[in-house]
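Presented below is the structure to which this report refers.
Order of the sequence lines fixes the chain letters, A, B, ..., with proteins taken first and strands second; residue numbering starts at 1 for each chain. Keep in mind it's a predicted model, so treat the numbers as computed, not measured.
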Amino acid sequence: MARAYDVIDIEKKWQRRWSDEGTYEVDADDPRPPWYVLTMYPYPSGAAHMGHVRNYTFGDLLVRHRTMLGHAVLSPFGFDSFGLPAENAAIKTGTHPRIFTDARIEELKESITSLGAVYDWRREVRSHDPEYMKWNQVIFTKLFEAGLAYRANAPVNWCPGCHTVLANEQVLADGTCERSGDLVIKRDLEQWFFRITNYADELLAGLDDLAWPERVKIMQRNWIGRSEGAEMDLAVQGRDGSDGREPRSLRVFTTRPDTSFGMTYAVVAPEHPLVAELTTAEHADEVAALQARAAASTDIERMSESGSASLSKRGAFTGSSVVNPFTGAPVPVYVADYVLMGYGTGAIMAVPAEDTRDWDFAQAYGLPFVRTVQPPEGWDETGGPDGGPGGAYTGTGQKINSDWLDGLDIPTAKARSIEWLEQQGIGVGKVNYRLRDWLVSRQRFWGCPIPIVYCAEHGMVPVPADQLPVLAPDDVEFQPTGESPLATHPGFLNTTCPTCGGPATRETDTMDTFVDSSWYFLRFTDPWTPDAPFDKEIARHWMPVDQYIGGIEHAILHLLYARFFTKALVDVGIAPEGLREPFANLFTQGMIRMDGKKMSKSKGNLVAPSSYLTTVGADALRLFHLFVGPPADDVDWTEQTDSVIDGCARYLDRVWRLAVPDEPRAAGDTTNDLSDADVAIRRATHKLIERVSRDYERWSYNTAVAACMEFVNLLHPYARDGGRSDVVDEAVDTLLLLLAPMTPHVAAEAWERRHGDHIHLETWPLPDPALLVEDTVTMVVQVNGKVRDRIEVAADISEADAERLALESAPVVDALGGAMPKRVIARPPKLVNIVV
RNA sequence: GCCCGGGUGGCGGAAUGGCAGACGCGGUGGACUCAAAAUCCACUGUCCGAAAGGGCGUGCGGGUUCGAAUCCCGCCCCGGGCACCA
């Protein structure tokens with residue numbers, strides 16, 4: 001498409017200038033108020049894709065807008081450069097991941113720059129930079145010393161495709177790996193964990209005050225999964241110590257201690273340590289079979305067998321009983337795989353009448369139930385298979401069949417039963433979380449080594465700070481074995497103990513790459529301090545991030561870890577006191593979809609931005625992303641998209657021709673008073689400032705663009721047909737200023753041609769309030785809610801005058817047909833509604 | 001199953017209690033041109049009508065209101081998240 005100006009040259013020119021002049025470099029001693037905008041740093045996968053374009057367009061717009069509003073805007077960029085793709089490429093091609101990664105970084109940097117996105121590149125961070133790794137390891141050491149990093153043997157998620165363990169957060173709901181899609185299996189392994197559960201309550205409570213999208217907060221709340229209840233001991237019958245054997249009891253967790261009188265059996269998880277002791281000889285085979293099956297099955301298999309149909313295979317009676325402390329009656333103990341060892345105590349009291357899972361199980365095994373909450377009228381006692389209300393009743397109601405709890409409501413009964421348990425010394429009020437500690441070990445090469453040494457004498461010894469970073473050697477065997485590639489390298493593995501100098505071995509696991517991304521935003525504030533990850537006072541100056549931008553896919557993983565890290569780093573003295581949350585505002589933009597699927601390399605449906613950058617240019621592509629719809633919504637890339645992008649380019653051409661006419665506009669007479677037509681343009685100009693400014697604040701860029709288009713539609717005929725040059729100049733200059741954050745190159749070039757200086761150093765325009773006040777308004781006149789007439793009226797028309805004008809209107813008289821108005825609703829000056 | 005979003009022309013979308021469809025894409029017609037491109041102008045929800053004009057219309061059904069795309073209740077469909085968490 002032929003263009004009105006030389007798009008490519010102009011874009012290159014300005015990109016060079018912003019970089020050469022350091023236009024967007026700021027320091028902490030800048031007198032302007034600080035504002036920190038950050039777009040999630042990317043994994044360097046090569047040239048930018050459309051998702052990046054969208055992301056960085058929003059971020060860049062904010063940087064430029066806030067700068068024009070008079071802030072010192074911190075806008076850093078970096079690369080999340082550790083990770084599996086580089087290592088997989090190394091396995092395939094033999095190229096070292098560092099070489100592979102550095103090349104991808106250069107490509108991505110180049111394409112981000114050609115978008116016109118501006119950053120303070122002096123602050124660039126790369127996760128695999130030895131300097132960054134050093135501080136990563138220092139942080140690990142501090143967390144270890146504070147007891148927040150620990151090593152434990154635990155059943156963990158193992159991805160056979162990635163040859164490494166995964167955190168719970170990285171396993172999808174269907175039991176597959178979020179990265180490779182392989183079915184994740186359980187393994188018992190010694191692994192490193194971060195004690196994120198210490199912060200469970202704070203992570204939950206802190207959400208309330210964050211200006212984050214509600215659904216992200218809800219996802220985090222669900223993930224943390226707080227539930228309040230009680231733990232209590234159930235004495236095992238026959239094991240009270242009277243026969244000389246040690247007394248035994250089963251500890252259970254429940255959220256409904258108020259239903260204790262309704263416990264008719266108890267269940268332990270197949271992996272529960274007490275199973276062997278509880279199981280009598282005659283039930284041993286059955287229990288063993290169930291345990292074997294549970295151990296062999298994946299979570300998927302367990303779930304696929306859920307439902308009442310397969311319940312009969314899912315449990316086994318142990319032959320033992322425990323005593324319900326509330327009634328004193330013994331109840332049978334079952335082993336069943338619907339109880340999970342990993343949650344609560346791995347054992348439950350079963351109350352079929354008030355829990356649907358217990359109900360289903362009780363039905364399958366012929367176990368009785370006792371209601372302790374009065375169900376509503378019409379509740380089917382047995383809960384037939386034909387549906388309808390019945391079976392377990394989990395709603396509110398009065399306590400029944402519960403002795404001293406009878407007549408109480410559920411919350412009161414809960415509190416009373418917890419009090420009672422505590423008085424009796426057999427239980428305690430307890431809060432449980434779904435959240436587990438963060439498993440950070442990875443058996444991979446391309447990550448930050450965990451800086452720990454194992455000494456026969458001194459155990460786990462952190463590598464001293466002056467010996468950091470621990471770097472992986474380059475000459476390692478990449479082929480995955482299930483062990484870290486570092487473990488097969490004797491030169492790395494064998495070392496000496498920092499404490500005693502004796503022979504020792506190194507930890508060979510590397511850290512989850514989410515560790516790198518959990519504090520990079522802090523590093524950005526001060527990547528230069530030699531003796532700390534960042535200077536506390538400088539971090540205090542910029543933090544928290546005023547606006548964080550990224551994809552919804554990080555709602556749990558990255559955003560939860562980063563919140564945890566921020567709190568933990570404050571607590572170990574690295575981050576400034578008082579900082580509790582890293583990201584004050586979060587915006588999650590929609591993804592780009594094609595043929596109903598997310599546009600991505602792995603789906604093979606990528607549309608390369610480069611083909612647009614070298615044709616219509618960055619400004620047109622940026623304008624498209626801003627215009628196509630609300631930023632939070634997904635974008636569907638269709639056959640029509642190219643036409644829309646062309647439309648955006650066409651619009652920029654129109655702006656260019658208005659701003660930089662081929663032939664200079666006639667000077668025009670600017671001495672007379674302004675005509676109505678002149679004033680109308682001036683009003684529209686100032687109205688535009690107001691609209692665009694408001695739309696920027698509320699992330700409504702699509703309507704901001706629409707307003708600018710509308711304005712050009714209005715201005716164009718005025719300018720062409722001899723409009724006053726002073727009025728046109730004001731209009732055009734204003735338009736360029738408002739476009740400057742969206743389409744920076746064309747705005748900068750046009751401005752320079754008109755004024756000789758730099759538009760992005762100008763201040764954001766303010767509307768003249770006098771011009772925002774309209775003298776006349778179109779008043780709508782309705783009869784019974786139907787529009788019958790539109791009348792131009794004075795903006796300050798009185799209610800009586802509005803009513804009178806409305807009733808005199810010919811179409812209204814027609815519509816009334818002589819009928820007497822029953823009621824007239826006047827909302828001057830906008831509307832009058834006549835009701836008959 | 002539970003919890004969030006969402007459903008408006010041929011398409012992307014606008015309007016958050018007061019003119020439904022701004023703006024753009026696509027389409028139709030016209031001007032300019034030898035012609036094309038570019039540019040400019042007009043029209044473009046649907047039905048009835050030659051027109052003027054009028055009826056209908058925001059997933060479906062009810063309700064509140066002078067007035068509902070917008071608020072409330074019930075349902076249908078689409079997308080996302082969670083899912084034996086006791």
Where does B:rG5 land, syn or anti, once you apply the within-90°-of-0 test for syn? anti
Would you indicate what A:T356 reaches in the nucleic acid, counting non-hydrogen atoms under 4.0 angstrom: base, sugar-phosphate, or nothing? nothing
Can you tell whether the side chains of A:R256 and A:E228 come within less than 4.0 Å, N to carboxylate O? no
For A:T197 and A:D437, which I'm curious about, is there any donor-acceptor pair between the side chains at under 3.5 Å? yes
Decide yes or no for A:T254 and A:P257: does some side-chain heavy atom of the first lie under 4.5 Å from some side-chain heavy atom of the second? yes
Parallel, tilted or perpendicular, judged at 30° and 60°: which one describes the rings of A:Y265 and A:F361? parallel
Rounded distance in Å between the P positions of B:rG30 and B:rA36: 12 Å
Provide the distance between the two C1' atoms, one in B:rC4 and one in B:rG53, to the nearest whole Å. 47 Å
Gap in Å between the two P atoms, one belonging to B:rG17 and one to B:rC72, rounded: 12 Å
In this structure, how many angstroms lie between the C1' atom of B:rU39 and the CG atom of A:L658, rounded? 13 Å
Measure the distance from CZ on A:R215 to C1' on B:rC2 and round it to the nearest whole Å. 18 Å
Euclidean distance, atom CZ of residue A:F624 to atom C1' of B:rC11 [Å, nearest integer]: 12 Å
Would you say the ring centroid of A:Y612 lies under 6.0 angstrom from that of A:F624? no
Between B:rG1 and B:rG45, how far apart are the C1' atoms? Round to whole Å, please. 40 Å
Thinking salt bridges, do A:E799 and A:R804 make one under a 4.0 Å N-O criterion? no
Find which nucleotide of RNA chain B each of A:G342 and A:T778 is nearest to by heavy atoms, and output the residue with the more 5' nucleotide. A:T778
Donor-acceptor pair between A:S227 and A:Y343 side chains, under 3.5 angstrom: yes
Kindly give the atom pairs (protein nitrogen or oxygen, nucleotide nitrogen or oxygen) under 3.5 Å for nucleotides 12-14 of chain B.
residue	atom	partner	partner atom	Å
B:rG12	O2'	A:V628	O	2.7
B:rG13	O3'	A:N702	ND2	3.3
B:rA14	OP1	A:N702	ND2	2.9

Shorter than 3.5 Å, N or O on both sides, protein versus nucleotides 63-67 of chain B: list them out with atom names.
residue	atom	partner	partner atom	Å
B:rC66	OP1	A:R823	NH1	3.0
B:rC66	O2'	A:N833	ND2	3.4
B:rC66	O2	A:N833	ND2	2.6

Need to verify one output field. Residue with the more 5' nearest nucleotide on RNA chain B, A:T255 or A:E710? A:E710
In whole angstrom, what separates A:D337's CG from B:rA86's C1'? 14 Å
Are A:V780 and A:N833 close enough that some pair of their side-chain heavy atoms sits under 4.5 Å apart? no
Considering non-hydrogen atoms only, spot the tightest contact between A:E354 and A:V370 and give its length. OE1-O, 4.4 Å
Rounded distance in Å - CE (A:M591) to P (B:rG80): 7 Å
Interface polar pairs with nucleotides 68-71 of chain B, N/O, under 3.5 angstrom:
none

Quick check on A:K830: does its NZ atom have over 12 non-hydrogen neighbours (other residues, nucleotides or ligands) under 6.0 Å away? no
Between A:D360 and A:Y338, is any side-chain donor less than 3.5 angstrom from a side-chain acceptor? no
Let me know the distance between CE of A:M219 and C1' of B:rG5, rounded to the nearest Å. 12 Å
Span that lies between the P atom of B:rA22 and that of B:rU16, in whole angstrom: 15 Å
Side chains of A:D258 and A:S417: is there a donor and an acceptor less than 3.5 Å apart? no
If you measure from the Lys or Arg side-chain nitrogens to the Asp or Glu carboxylate oxygens, is any gap between A:D634 and A:R54 under 4.0 Å? no
Between A:N222 and A:R434, do the side chains contain an N or O donor and an N or O acceptor separated by less than 3.5 Å? no
Touch check for A:K786, heavy atoms < 4.0 angstrom, all strands: base, sugar-phosphate only, or nothing? sugar-phosphate
Spacing of A:Y5 atom OH relative to B:rA38 atom C1', expressed in whole Å: 16 Å
Provide the distance between the two C1' atoms, one in B:rC60 and one in B:rG12, to the nearest whole Å. 25 Å
Please report, rounded to the nearest Å, how far the P atom of B:rG81 is from the CZ atom of A:R221. 19 Å
Is any side-chain heavy atom of A:T588 closer than 4.5 Å to one of A:L586? yes
Got a sec: does the CZ of A:R215 have more than 12 other heavy atoms crowding it under 6.0 Å? no
Sidechain N-carboxylate O distance under 4.0 Å for A:R3, A:D6: no
Might you list the N or O atoms of the protein lying below 3.5 Å from N or O atoms in nucleotides 40-45 of chain B, with each pair's distance?
residue	atom	partner	partner atom	Å
B:rC40	OP1	A:R654	NE	2.9
B:rC40	O3'	A:R720	NH1	3.4

What's A:V787 touching, base or sugar-phosphate or nothing? Going by heavy atoms closer than 4.0 Å. sugar-phosphate
In whole Å, measure the gap between the C1' atoms of B:rG21 and B:rG26 for me. 16 Å
C1' atoms of B:rG81 and B:rA69, separation to the nearest Å: 27 Å
Pairs where residues 778-792 of chain A contributes a residue and the test side-chain hydrogen bond (donor to acceptor under 3.5 Å, both in side chains) is met, not counting sequence neighbours: A:T776-A:E792, A:T778-A:E792, A:D789-A:S809
Does RNA chain B take part in any stems of at least 3 consecutive Watson-Crick or G-U pairs (both distances under 3.5 Å), and if so, which ones? B:1-7 with B:76-82, B:10-12 with B:23-25, B:26-31 with B:39-44, B:45-48 with B:53-56, B:59-63 with B:71-75
